[in-house]
There are 2 protein chains.
Amino acid sequence: MDNNENIDLIPVEDVLTFWDILTPDERNFIKNTLSVQHFKKNEVIQREGDKPTHLMILASGNVKVSKMGTNNRIQIVRILKPGEHFGFRAIIANEPNSTTVTSFEESMVYSICAEHFISILKNNNAFCYRFLEELAFDLAKSDARTVNLTQKHIRGRLAGALCALIENYGLEEDGATISIYLAREDLANLSNMTTSNAIRTLAIFANEGIIALDGRKIKIIDMEKLQRTSKYG
Amino acid sequence: MDNNENIDLIPVEDVLTFWDILTPDERNFIKNTLSVQHFKKNEVIQREGDKPTHLMILASGNVKVSKMGTNNRIQIVRILKPGEHFGFRAIIANEPNSTTVTSFEESMVYSICAEHFISILKNNNAFCYRFLEELAFDLAKSDARTVNLTQKHIRGRLAGALCALIENYGLEEDGATISIYLAREDLANLSNMTTSNAIRTLAIFANEGIIALDGRKIKIIDMEKLQRTSKYG
DNA sequence: GTAAATTTGTGCTATAAAACATAGTTATAA
DNA sequence: TTATAACTATGTTTTATAGCACAAATTTAC
């Protein structure tokens, strides 16, 4: 596996979405100080409450960002795909991590030391602005999620989560199967419900011809009905 | 009333928390282009879905930031006090406003044209970094609110909202009365419950000796019990 | 290849909270 | 000052969903 790491590792330039706005010096510096880490399935990459040490960029795999709530109930607040960053909010706010990041599957992560990251933020205005934009998008998404999770009923919440997954990960070549296979429990933590209810409601959706299930594969049969369910329950 | 406006208007320098990091040119420019608006109680200052036109700074009064959810149910996502900004997230993300801002009470608002704001962001790195920090704090608060509202029961949610109000607005000279008087409906929209349940639960808290009620005034009798209720319901 | 553990699936029960109904009370306007 | 509207209060009913129990299926470990 260690051998494979090097083989399918995506080069920095292709993963870092902010590569274009770095100066040649910054690029060299990052290339020289960047580190790569490999994570197995279900490994914790970053823990809520810990001091943040690195800006991290997901090179491959998928990770979930979650918060621990009451009675050890987990709330997944977002899911990241390759090219997306994490760990920077806490660095910028100079606070402990407010979330835990865990790999869903085998994942590769590039990381840039917090001090270097801040130093670039404070010297490269365009870089700083890029992250400002990113946080502006994330904040709106977070507020929207609050409303979705608090005001919709179970059917609407689950349908909404499925729509969000499609938007984020897209569909496979068949144009129907969602390109990420989550455990029912993760789906539940994403939609703010118990695992039982996620399972039950998925079965109901399948019965109604909205989706078809094959293990963790979810195939969308009636996209319009799914979106209607997300809106009206 | 128009006369009073000028009398108790706080000078720009004292309201703009970012005044210190502006260049002399920027300060002059802002002083010359800044506009002031007066809002009566319960007026909409900025509407969800509209194009954002100004960075706004609350000079006096109190405003609520809310989102419209399912069945016209309103979710208050945060409440601002003098010195706090709003309207900048949408400008930065170049999106329509994701929230509606409404005055609770008579309020004065300074506003800076969106183009000028962006221009300063793109030229003054320290200014940009200041807003980056602000969004980083707001994002953590939003994620935390999601968990609070989705995982706690009614008692915990309401107690949590009261704690948040105390943290934001403080107590009056008596060291007990919360320094903001909200309608039961606003308290409900803040805690994700129906107005009936907010009223009912407040009455229960009063009965249990946690608070004392006098119209919209809420007096904290047992702070520790309130915090315990926020955590454990 | 078998045992153990985990995940998935389904029914039942208990309960929290919304929805509804109705009345009293306090602001607001004419 | 009275009429009207808005807000506050409380009891009852209904419903959504968490919690529990258990079984089947699948994955993981030895």
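Chain letters run A, B, ... following the sequence lines, proteins first, then strands; residues in each count from 1. On a predicted model such as this, the values are computed, not experimentally measured, just so you know. The basis for the numbers below is simple: all heavy atoms, side chains too, and nothing from hydrogens, waters or symmetry mates.
- Nucleotide D:dT26 holds its P atom 13 Å from the CG atom of A:L213, rounded to whole Å.
- Heavy atoms only, all atoms of each residue included: B:Q151 and A:G69 are closest at OE1-CA, 3.0 Å.
- Straight-line distance from the CG atom of A:N42 to the C1' atom of D:dT27: 13 Å, rounded to whole Å.
- The CD1-P distance, from B:I204 to D:dA9, rounds to 13 Å in whole Å.
- One interatomic measurement links the two molecules: CD1 of A:I218 to C1' of C:dT8, which rounds to 13 Å at whole-angstrom precision.
- Atom CG of A:N94 has 12 or fewer neighbouring heavy atoms from other residues, nucleotides or ligands inside a 6.0 Å radius.
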**Asked** Where along nucleotides 17-30 of chain C does protein come under 4.0 Å, by heavy atom, of base (B) or sugar-phosphate alone (S), with - for untouched nucleotides?
**Response** SBBB----------
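- The CZ-P distance, from B:R184 to D:dT10, rounds to 10 Å in whole Å.
- In this structure, A:Y232 places its OH atom where only 12 or fewer heavy-atom neighbours from other residues, nucleotides or ligands lie under 6.0 Å away.
- Here B:D138 does not pair with B:R89 in a salt bridge; the nearest charged N to carboxylate O distance is not below 4.0 Å.
- In this structure, A:R216 atom CZ and C:dG9 atom C1' are separated by 14 Å, rounded to whole Å.
- Heavy-atom contacts from other residues, nucleotides or ligands closer than 6.0 Å to NZ of B:K81 number more than 12.
- The interatomic distance linking B:Q151 (CD) with D:dA18 (P) rounds to 11 Å, in whole Å.
- Computed from coordinates, the A:I199 CD1 to D:dC22 P distance equals 18 Å when rounded to whole Å.
- A pairwise comparison of heavy atoms in A:L149 and A:N192 identifies O-ND2, 3.9 Å as the closest pair.
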